[in-house]
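As the structure is a prediction and not an experimental result, all values here were calculated from the model.
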Amino acid sequence: MRNSIILLSVCSIVLASCGKSKPDISGNWKSETTEALGNGTFGNRVFEMADSTWQVQFTLYLDSAASMPVFRFRATGNYELGNPSGVVKEATEALFRFDHKYVTLLTTDSSLITNLGFTNCALTPDQEKDITDTGCSFLESKSACAQEYDLVSLRTGKLFLGSRPEAGKNICREEDRPVTLGAPLVKVK
């Protein structure tokens, strides 16, 4: 009896819950389709996931055909998968830490640049800029947002992450972890 209690305790500490393995999200994943973000904007996400490191590239467009790009955000870091979500069925809590953050301006439209708050960021079109320490408009510096508390779920060969919060909010605090899953990502070779 005592050995069973010890085994159960070790199991819950080490594995979070016995019998439930963490999903293997290694590989390259991209948006299944161009994602409508509201306000006439669209986005595409591309993730490179290794055993414990990740990179994301998000590009914002003004059209669903992804022919009118505005900017690209890229970030790198490490991640860890935690306990099964207590809120979203078949999802696992995840923590994505940032090592570096970058932005590339993909438009020369001055009104768009102003509306996005990029005017004071000293961006040059088509040149990636490291914003890890400074941030740029709504893209926060690493000191302001060092990690994101997220969800991951593998279903029918697709990867789902937590739904992105509404504009002006982020998931940099654990209490703001998403409570629903977003658009699917498909694995690419």
Main-chain N/O of N44 paired with Y61 side-chain donor or acceptor, under 3.5 Å | no
Should I131 and L139 count as side-chain neighbours, where that means a heavy-atom distance under 4.5 Å?
-> yes
Donor + acceptor pair across side chains of T107, D109 (<3.5 Å) | no
Would you confirm whether the ring centroid of Y79 sits within less than 6.0 angstrom of the ring centroid of F96?
-> yes
Do you know the tightest heavy-atom contact between N170 and E140?
-> ND2-OE1, 2.7 Å
Applying side-chain contact (heavy atoms from CB on, under 4.5 Å), run through R45 and K30 and close with a yes or a no.
-> CA-CA 5 Å; R45 299 173 292 152; K30 69 174 189 164; over 6 Å; no
Between the main-chain N or O of T34 and the side-chain N or O of S31, is there a donor-acceptor pair closer than 3.5 Å?
-> no
Which class fits the ring pair F118 and F138: parallel under 30°, tilted 30 to 60°, perpendicular over 60°?
-> parallel
Would you find a donor on one side and an acceptor on the other, under 3.5 Å apart, between the side chain of W54 and the backbone of N78?
-> yes
Do any N or O atoms from the side chain of D63 and from the backbone of M68 form a donor-acceptor pair under 3.5 angstrom?
-> yes
Is a donor on one side and an acceptor on the other found under 3.5 Å between the side chain of K187 and the backbone of S26?
-> yes
Can a cation-pi geometry be assigned to R177 and Y149, taking NZ or CZ under 6.0 Å from the six-membered ring centre and within 45° of the ring axis?
-> no
Under 3.5 Å, is there a donor-acceptor pair between the side chain of Q147 and the main chain of C172?
-> yes
Is there a donor-acceptor contact under 3.5 Å from the side chain of T41 to the main chain of L37?
-> no
So, for D150 and G162, which heavy atoms are closest and what is the spacing to 0.1 Å?
-> OD1-N, 2.8 Å
Quick one: closest heavy-atom pair of D99 and G77, and the distance?
-> OD2-CA, 3.4 Å
Measure from the side-chain N and O atoms of K22 to the backbone N and O of L81, and report whether any donor-acceptor pair falls under 3.5 Å.
-> yes
Kindly say whether V188 contributes a backbone atom to a donor-acceptor pair with the side chain of N28 at under 3.5 angstrom?
-> no
Between the side chain of S153 and the main-chain N/O of E90, is any donor-acceptor distance below 3.5 Å?
-> yes
Per salt bridge (charged side-chain N to carboxylate O under 4.0 Å, His left out), E148 is matched among R164, K101, R97, K142 by R164
